[in-house]
Q: 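Can you keep this structure in mind? I'll have questions shortly.
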There are 2 protein chains.
Amino acid sequence: MASRAKATIFDIAREAGVSKSTVSLVLQGSGLIRPETAVKVRKAIEDVGYVYNRGAANLRKAHSNVIGMVINDLTNPFFAELAVGMERVFQSAGIVPFIANTAENPVRQEEVLKSLMEQGVAGLIVSPARGTTPGAFRRLEMAGVPVVFAMRRLPESRIPVITPDNHRGAYLAAAHLIGKGHRRLAFFGGSSDLVVYHERLGGFREACETLGIAARDVLLVEGETSRRGGMACLETALSMPEPPTAALCFNDAVAFGVMLALRKHGLEPGADFAVVGFDDVVEAEHYIPALTSVSVDTAGLGERAAHVMLKMIQSRTTRAEDHIGAVNLVVRESCGPDRRARNRPAGMGDAA
Amino acid sequence: MASRAKATIFDIAREAGVSKSTVSLVLQGSGLIRPETAVKVRKAIEDVGYVYNRGAANLRKAHSNVIGMVINDLTNPFFAELAVGMERVFQSAGIVPFIANTAENPVRQEEVLKSLMEQGVAGLIVSPARGTTPGAFRRLEMAGVPVVFAMRRLPESRIPVITPDNHRGAYLAAAHLIGKGHRRLAFFGGSSDLVVYHERLGGFREACETLGIAARDVLLVEGETSRRGGMACLETALSMPEPPTAALCFNDAVAFGVMLALRKHGLEPGADFAVVGFDDVVEAEHYIPALTSVSVDTAGLGERAAHVMLKMIQSRTTRAEDHIGAVNLVVRESCGPDRRARNRPAGMGDAA
DNA sequence: GCCTATAAATGGAACGTTCCAATAAATCAA
DNA sequence: TTGATTTATTGGAACGTTCCATTTATAGGC
């Protein structure tokens with residue numbers, strides 16, 4: 001219906017009988033123009049079916065209002081929660097964040113970051129893909145684009161980080177397991193190219209050490225941070241000569257996978273083998289058995305990340321304080337006491 | 001480290017000792033430039049830390065290469081699967097799709113669409129928010145931006161649609177339930193402002209009619225298309241004088257909610273009350289009990305939508321054929337036979 | 001060697017905005 | 001009135017690209 005070629009401020013100007021500059025001022029809501037003129041212009045805008053060309057505007061303006069959110073695994077509900085938190089604060093700032101998925105693939109991530117930069121983003125909130133090389137964010141830094149890492153960080157980087165207290169969370173979880181009488185523990189999922197992995201593993205180990213679990217009684221099984229990865233972890237654990245009786249999982253997805261695999265072996269999660277997750281996604285509460293998990297207030301971290309980003313943009317800096325979010329262990333039904341501890345001396349039983 | 005102001009093709013030109021036009025040609029991979037020159041220029045591009053300004057380019061070029069994906073509920077894993085399918089095809093076309101969430105809110109959707117348009121998207125794949133007004137996509141149409149609806153459609157709109165065969169899916173599911181001996185059925189979740197709702201409900205009703213279920217024995221409970229909505233649906237159903245013994249749920253999220261609520265009432269999903277979902281998200285298989293659901297090949301539909309979009313952009317049209325994807329019922333454990341049908345005459349029992 | 005054809009590189013004019021400096025109109029102090 | 005001040009409006013020059021029409025260099029045909 002409308003005019004073939006897209007309308008510009010000149011078309012509006014002609015329609016309203018003013019100059020392009022006046023139109024521009026109206027568009028920006030400047031208080032300098034007479035109210036009646038503004039009304040006239042706004043009507044013309046409607047009439048010609050104008051759509052603002054932000055690309056053109058950004059040519060002159062210093063900054064765009066696009067904020068990108070780069071996520072490593074869209075299928076993990078955890079990140080949806082993170083996104084929801086962010087959106088809450090961006091929405092009230094009149095900003096529409098764009099989400100891009102890297103599917104845990106550094107090459108794809110490179111493309112995504114490049115595309116976002118070309119688009120002239122004002123800032124980026126990133127959960128970097130596993131295996132990200134140290135130089136991946138060099139270009140962003142050179143261009144002075146504010147970046148904050150959420151949930152994950154890179155080994156040595158000055159980019160601010162918003163993350164839960166991984167060490168403490170893992171400590172709490174492991175302590176809980178040990179308190180339940182478990183003596184042979186495993187840490188399932190994740191891999192050492194992830195900083196978070198070391199943090200969580202660190203907390204886990206500290207708990208083991210200070211609470212008297214011998215190093216030879218803790219089993220580490222790296223794996224994908226997904227359900228599938230969790231299933232694989234359990235398999236390899238059960239194939240050990242002296243399998244563990246409880247596991248702290250890198251995240252809830254892994255924990256779900258472990259529980260699935262347990263059932264496949266005729267074992268009941270919680271009763272026959274204790275499992276604790278990390279992240280406390282909404283599903284955790286509803287799973288059967290309900291998953292004990294380290295709650296990290298994902299949406300809250302998302303909000304925090306968004307706030308930090310906004311502040312960075314506003315004060316045009318590329319630096320900010322890190323933020324470590326509080327965590328707490330939500331005890332549900334997925335980890336009962338060590339069965340064998342009840343029946344016979346510890347260190348003898350076989351899980352299968 | 002790098003120069004303060006961001007580098008432009010002029011900087012590259014100076015560095016490489018050529019003209020800006022040559023640089024532009026190199027950037028576009030034109031075959032007109034001498035290979036050695038191209039090499040020289042590419043080196044300069046690296047040296048000055050150049051980042052392409054797509055906004056500026058789009059000022060001259062007819063179309064951008066940005067494709068937006070507007071999704072009504074990011075937290076539904078279903079949409080993540082859809083997104084993954086799309087990304088697969090866009091990736092191989094060298095396109096990075098940007099995802100934006102409307103959180104089932106038409107006002108937010110308006111903002112999102114506006115923002116995307118201002119950004120100059122080449123096309124949009126949209127799952128419209130519930131309650132979207134008919135005029136919401138007028139501007140897009142006026143601007144000639146190709147749009148395809150995925151999974152959901154609007155009442156009267158010429159925008160092409162990629163959707164599963166909702167009618168047939170619901171028919172299959174209802175027929176299955178009836179075949180299991182259930183005589184009082186419910187349809188849970190969704191609302192009549194959704195076209196999909198009518199499609200699925202239509203299939204459900206047709207099965208009831210042709211297989212001899214009286215209209216007074218079917219219960220309709222509208223509700224949110226979420227876990228929470230499902231829980232609410234079951235509550236109201238159980239409060240009826242003669243509650244149903246089986247339900248087809250609008251989608252899997254609703255079905256999960258229903259199963260949760262059943263447990264809360266001490267009822268075992270599958271044994272005491274049959275439930276069928278719709279979409280067959282990956283969780284369905286792993287739930288306890290595993291959810292019988294209508295499988296719609298979500299990722300496949302995503303791929304299809306992406307292909308259609310690509311074709312529309314390429315042939316610069318805003319029209320395309322609708323596509324109705326095949327569905328099939330995946331029978332698992334969430335719907336056993338009607339218990340009461342075994343013990344006593346139908347039409348008497350009470351579910352609670 | 002000269003003219004023509006081809007290849008490679010270039011300057012200039014867009015594209016749709018914003019912003020500054022400048023103008024025009026209205027108001028006020030004297 | 002007149003000059004100074006304030007209030008509204010405006011033209012022009014950017015911004016970083018692409019694309020067209022030229023120019024310049026290279027090669028080919030005779």
Side-chain angles (χ1 to χ4, degrees), chain A residues 3-42 44-45 48-66 114-115 117-122 143, chain B residues 3-42 44-45 48-66 114-115 117-122 143:
Chain A
S3 53
R4 216 75 301 277
K6 58 194 62 146
T8 75
I9 48 171
F10 284 93
D11 299 310
I12 301 172
R14 188 172 348 97
E15 184 82 7
V18 297
S19 81
K20 63 166 181 30
S21 303
T22 304
V23 176
S24 176
L25 260 352
V26 172
L27 247 18
Q28 294 170 82
S30 160
L32 288 180
I33 38 87
R34 201 155 40 114
E36 335 163 25
T37 312
V39 168
K40 204 168 52 180
V41 170
R42 267 190 274 270
I45 290 178
V48 302
Y50 171 75
V51 357
Y52 185 73
N53 184 332
R54 206 166 282 275
N58 286 343
L59 226 38
R60 293 277 339 209
K61 297 233 269 224
H63 260 344
S64 78
N65 72 336
V66 178
K114 177 150 171 276
S115 178
M117 284 196 72
E118 293 181 352
Q119 231 55 242
V121 287
Chain B
S3 51
R4 213 77 301 277
K6 58 194 62 146
T8 76
I9 48 171
F10 285 93
D11 299 311
I12 301 172
R14 185 167 357 91
E15 184 82 8
V18 297
S19 80
K20 62 163 181 35
S21 304
T22 304
V23 176
S24 175
L25 261 352
V26 172
L27 248 18
Q28 295 169 83
S30 161
L32 287 181
I33 39 85
R34 202 154 38 113
E36 335 162 27
T37 312
V39 168
K40 203 169 52 180
V41 170
R42 265 189 274 270
I45 289 178
V48 302
Y50 170 74
V51 358
Y52 186 72
N53 185 332
R54 207 166 283 276
N58 287 343
L59 227 38
R60 295 273 343 203
K61 297 234 268 225
H63 259 343
S64 78
N65 73 336
V66 178
K114 177 151 169 275
S115 177
M117 284 195 73
E118 294 181 350
Q119 231 55 242
V121 287

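No experiment lies behind these values; they were computed from the predicted model shown. Lettering follows sequence order; numbering is per chain, from 1.
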Q: Can you name the side-chain contact (heavy atoms from CB on, under 4.5 Å) partners of Val51(B), sequence neighbours left out?
A: Met117(A)

Q: Considering the terminal five base pairs at each end of the helix from dG1(C)-dC30(D) to dA30(C)-dT1(D), what angle separates the two local helix axes, rounded to 10°?
A: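 The angle, to the nearest 10 degrees, is 50°.
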
Q: Would you please name every residue forming a side-chain contact (heavy atoms from CB on, under 4.5 Å) with Ser24(B), sequence neighbours left out?
A: Gln28(B)

Q: What distance do Ile33(B) atom CD1 and Ser21(B) atom OG have between them, rounded to the nearest 0.5 Å?
A: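 Ile33(B) atom CD1 to Ser21(B) atom OG measures 13.0 Å (nearest 0.5 Å).
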
Q: Suppose we screen for side-chain contact (heavy atoms from CB on, under 4.5 Å). Which residues come up paired with Arg34(B), at least two apart in sequence or across chains?
A: Glu36(B), Thr37(B)

Q: Please confirm whether the backbone N or O of Gly55(A) pairs with a side-chain atom of Asn58(A), one donor and one acceptor, at under 3.5 Å?
A: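 Side chain of Asn58(A) to backbone of Gly55(A): no pair is present.
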
Q: Who are the side-chain contact (heavy atoms from CB on, under 4.5 Å) partners of Leu27(B), not counting sequence neighbours?
A: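 Applying side-chain contact (heavy atoms from CB on, under 4.5 Å) to Leu27(B) gives Ile9(B), Val23(B), Ile45(B), Tyr50(B), Tyr52(B).
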
Q: Quick one: are Val66(B) and Gln119(B) in side-chain contact, heavy atoms under 4.5 Å?
A: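 Sidechains of Gln119(B) and Val66(B): no contact.
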
Q: Which parts of nucleotides 8-18 of chain C does protein reach within less than 4.0 Å, heavy atoms only, written one letter per nucleotide 5' to 3' as B for base, S for sugar-phosphate only and - for none?
A: SSBBBBBBBBB

